2 protein chains.
Amino acid sequence: MKLDITLITLCPDWDGNSFGGGEIMYDLIIIGAGPAGLSAGLYAGRFRLNTLILERVSAGGQIILSSTIENYPGFPAGISTTELIERFKKQTEDVGVKIEYSEVLEISLGKDQIYNIKTSEGSFDTRSVIIAAGAQSKRLGVEGEERFLGRGVSYCATCDGPLFKNKDVVVVGGGDRAIEEALFLSSYAAKVTIIHRRQELRASKILEEKARQNLKINFVLKSVIEKIIGSDRVEGVVIKNRETIAESILSCHGLFIFVGLVPDTQFLKNLLHLDESGFIITDENMASSKEGIFASGDCRKKGLYQVITACAEGAIATNSVHNYLMNKLGG
Amino acid sequence: MKLDITLITLCPDWDGNSFGGGEIMYDLIIIGAGPAGLSAGLYAGRFRLNTLILERVSAGGQIILSSTIENYPGFPAGISTTELIERFKKQTEDVGVKIEYSEVLEISLGKDQIYNIKTSEGSFDTRSVIIAAGAQSKRLGVEGEERFLGRGVSYCATCDGPLFKNKDVVVVGGGDRAIEEALFLSSYAAKVTIIHRRQELRASKILEEKARQNLKINFVLKSVIEKIIGSDRVEGVVIKNRETIAESILSCHGLFIFVGLVPDTQFLKNLLHLDESGFIITDENMASSKEGIFASGDCRKKGLYQVITACAEGAIATNSVHNYLMNKLGG
């Protein structure tokens, strides 16, 4: 159902011509083209909002760091993350929403509630904004982590796993992502050791079972990494048992770190209400602390970080944008 | 990834044997097998919670009253609602969750926070409950509506549309559902008249455009139906213009009513905090006013009623159940 229509703004007689030097006035700019941003774009296109998605690197967000996804409803056999993102992207582009590849540097509020978004490729004026900028892997914060980055230390098994064929690797973390990545790595590595600070994993039981049944995977629980050792590349890690305080050295060639998320919200520090970790605080309609700015996906403070929740939040954010613009225009 | 494992309860040594007369103690019972319930079940199966889904009629919920869905992310060409539900169902059953077809009559709280669910087919004990019971079409509340039900009055175009081949039909409502159904009906009917109480539709612009470009579809706006007339079957409707107060008669053979939702929550009236329309009030983690009972989907009070939001809420509710059971067990 490819639509070949000229997009019109929600309100063509909007008196915003004085802003943006006569350039396009968008109804909505979405920052980020991961699941949340693409879903927001899909709904925006269907509402016929004049919408632009700004993406820094490439569509997909964090999810493409995993190879397949099994828990997005609608794909009983699972689906590769790149295919799922391609589907999201096509569906959004088919309703007339464009993705522009540039990095957002600053958002500022001008006259009459118009936001100006300064990017690496120019600036844009818009009546509303949805931040769907996502998040990145959290650093472990131990000695050797920066030094060995790209030389054994990695935050992406899909990217770097194949480099560790028949080698020993360590995975740090106990959530879904860590266990999924350990399972993925087991098809390359000779041995995968999962190190987790607690006795219990946070990951879903189905993943834990798969990992426990996998002969290549071992667990070192109630333990943390003290430092990463090696000369040119990673050669091992120093592990401390949190109960006995005993330290030991585990030889390995690679270290994959999955201990949480840091939201990509640095550029919003002085604009929006963020929590202490930088996640955007919104209400249930995805409204941020600033009128006309909404947020969805991994950059948002919430209870569950999944593709299905990111997509729903994108839809909700756009619905809120629609209500907001309607109310502003006195509809 | 069909799994053939024996489900174990989260805590096999749970001291709940005194409940349910030695029968199965479930970790989680989900009421309703629409998108919200099936997604909750998918996540529950992956958490390895001993889970049962109870469904009154058949899997799918309200969505199967529409023929296709275009705005569920992941299907750029759209997908038939029956196929989407089949996919949801397979994915959920593949992780070991069963659906039992029986109607829930009552939920009562027993000792030690165990809920007993009385159904038409027997009763079940469970440590937690997710209500995903959905909603039904709201009645218009005008003369003739009950009398002509099944004789021209319908709440489901997919079900009854084919009966009105080359006939004139009226659609009441201005939301997405009403316009989608009008478009669907236009492939059968000779003429479709959409009657809506306001000047502006609530439906997304993409649907409105399609309807306005459809030569079979007319709009009668700022108008309401006063009564439905006919002898044996619907023969017409009396329409009142809300501005001029003028009344007129429009001949038609069918009347399709899409003016909102009534949640299926009658059986919860004395148990949970509901709003004045009967929607379940929850927090952002889907927790209801009763410890151990959660809700998701169309039966919940919220801002946006879509398949994508129902699925996300199902996932969130199950994640909350998991946290709740873990905390109860002192994890």
Side-chain angles (χ1 to χ4, degrees), chain A residues 1-3 5 8 10 35 38-39 42-43 45-49 70-79 84 86-96 176 200 204-209 283-286 302-304 306-316 319-320 322-323 326 331, chain B residues 1-3 5 8 10 35 38-39 42-43 45-49 70-79 84 86-96 176 200 204-209 283-286 302-304 306-316 319-320 322-323 326 331:
Chain A
M1 47 149 269
K2 173 108 190 175
L3 290 160
I5 64 149
I8 49 156
L10 189 70
L38 291 172
S39 173
L42 169 62
Y43 272 73
R46 295 182 65 83
F47 275 126
R48 286 290 180 252
L49 301 179
E70 292 181 348
N71 64 3
Y72 184 77
F75 297 94
I79 183 168
L84 186 61
E86 268 315 303
R87 283 165 166 256
F88 287 170
K89 196 163 159 261
K90 178 163 173 25
Q91 200 168 355
T92 300
E93 289 176 335
D94 280 357
V95 291
D176 273 2
E200 298 291 329
S204 60
K205 284 275 176 279
I206 199 168
L207 288 169
E208 180 172 349
E209 281 164 19
D283 65 12
E284 61 176 352
N285 298 317
M286 308 298 141
K302 55 175 176 165
L304 185 63
Q306 294 280 302
V307 173
I308 187 69
T309 53
C311 286
E313 290 162 35
I316 294 167
N319 190 57
S320 297
H322 189 240
N323 291 340
M326 287 295 199
Chain B
M1 46 151 271
K2 175 107 189 174
L3 290 158
I5 64 151
I8 50 158
L10 189 70
L38 291 172
S39 173
L42 169 62
Y43 272 73
R46 296 182 64 83
F47 274 127
R48 286 291 180 251
L49 300 179
E70 292 182 347
N71 65 3
Y72 184 76
F75 299 93
I79 182 167
L84 186 61
E86 268 316 303
R87 285 166 165 256
F88 287 171
K89 196 162 158 263
K90 178 163 173 25
Q91 200 168 356
T92 300
E93 289 176 335
D94 280 357
V95 292
D176 273 2
E200 298 292 328
S204 60
K205 284 274 176 279
I206 199 168
L207 288 169
E208 181 173 347
E209 282 164 19
D283 65 12
E284 61 176 351
N285 299 317
M286 308 299 141
K302 56 176 177 164
L304 185 63
Q306 295 279 300
V307 173
I308 187 69
T309 53
C311 286
E313 290 162 34
I316 294 167
N319 190 56
S320 297
H322 188 240
N323 291 340
M326 287 294 199

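These figures come from a predicted structure and were not determined experimentally.
- Interatomic distance, OH of Y72(A) versus CD of Q91(B), reported as 10.5 Å (0.5 Å rounding).
- Heavy atoms of N319(A) lying under 4.5 Å from chain B belong exclusively to its side chain.
- Chain B forms more heavy-atom pairs under 4.5 Å with one residue of R87(A), E313(A), K89(A) than with any other, namely R87(A).
- Of the listed residues G303(B), S39(B), G74(B), the one with more heavy-atom pairs under 4.5 angstrom with chain A than any other is G74(B).
- Using a 4.5 Å heavy-atom threshold, the side chains of L42(B) and P73(A) count as touching.
- The CD atom of E284(B) lies 10.0 Å from the CG atom of D283(A); values are rounded to the nearest 0.5 Å.
- Note that CG of L304(B) is 9.5 Å distant from CE of M286(A), once rounded to the nearest 0.5 Å.
- Of the residues I308(B), I316(B), T309(B), the one that meets the side-chain contact (heavy atoms from CB on, under 4.5 Å) test with I308(A) is I308(B).
- In plain terms, the two heavy atoms of Y43(A) and Q306(B) that are nearest each other are OH-OE1, 2.5 Å.
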* To do: Start with the C-alpha distance between R48(A) and E209(B), add both sets of side-chain angles, then the distance that settles salt bridge (charged side-chain N to carboxylate O under 4.0 Å, His left out), and finish with yes or no.
  => CA-CA 10 Å; R48(A) 286 290 180 252; E209(B) 282 164 19; 3.0 Å; yes
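- The two residues K90(A) and P76(B) make their nearest non-hydrogen contact at CG-CB, 4.0 Å.
- The six-membered or imidazole ring of F75(B) lies near that of F75(A), with a centre-to-centre distance under 6.0 Å.
- Interface remark: of the candidates N71(A), L207(A), L38(A), N285(A), N71(A) forms the most heavy-atom pairs closer than 4.5 Å to chain B.
- Of the charged side-chain nitrogens involved, at least one lies within less than 4.0 Å of a carboxylate oxygen, so that E70(A) and R46(B) count as a salt-bridged pair.
- The line from CD1 of I206(A) to CG of L49(B) is 11.5 Å long, rounded to the nearest 0.5 Å.
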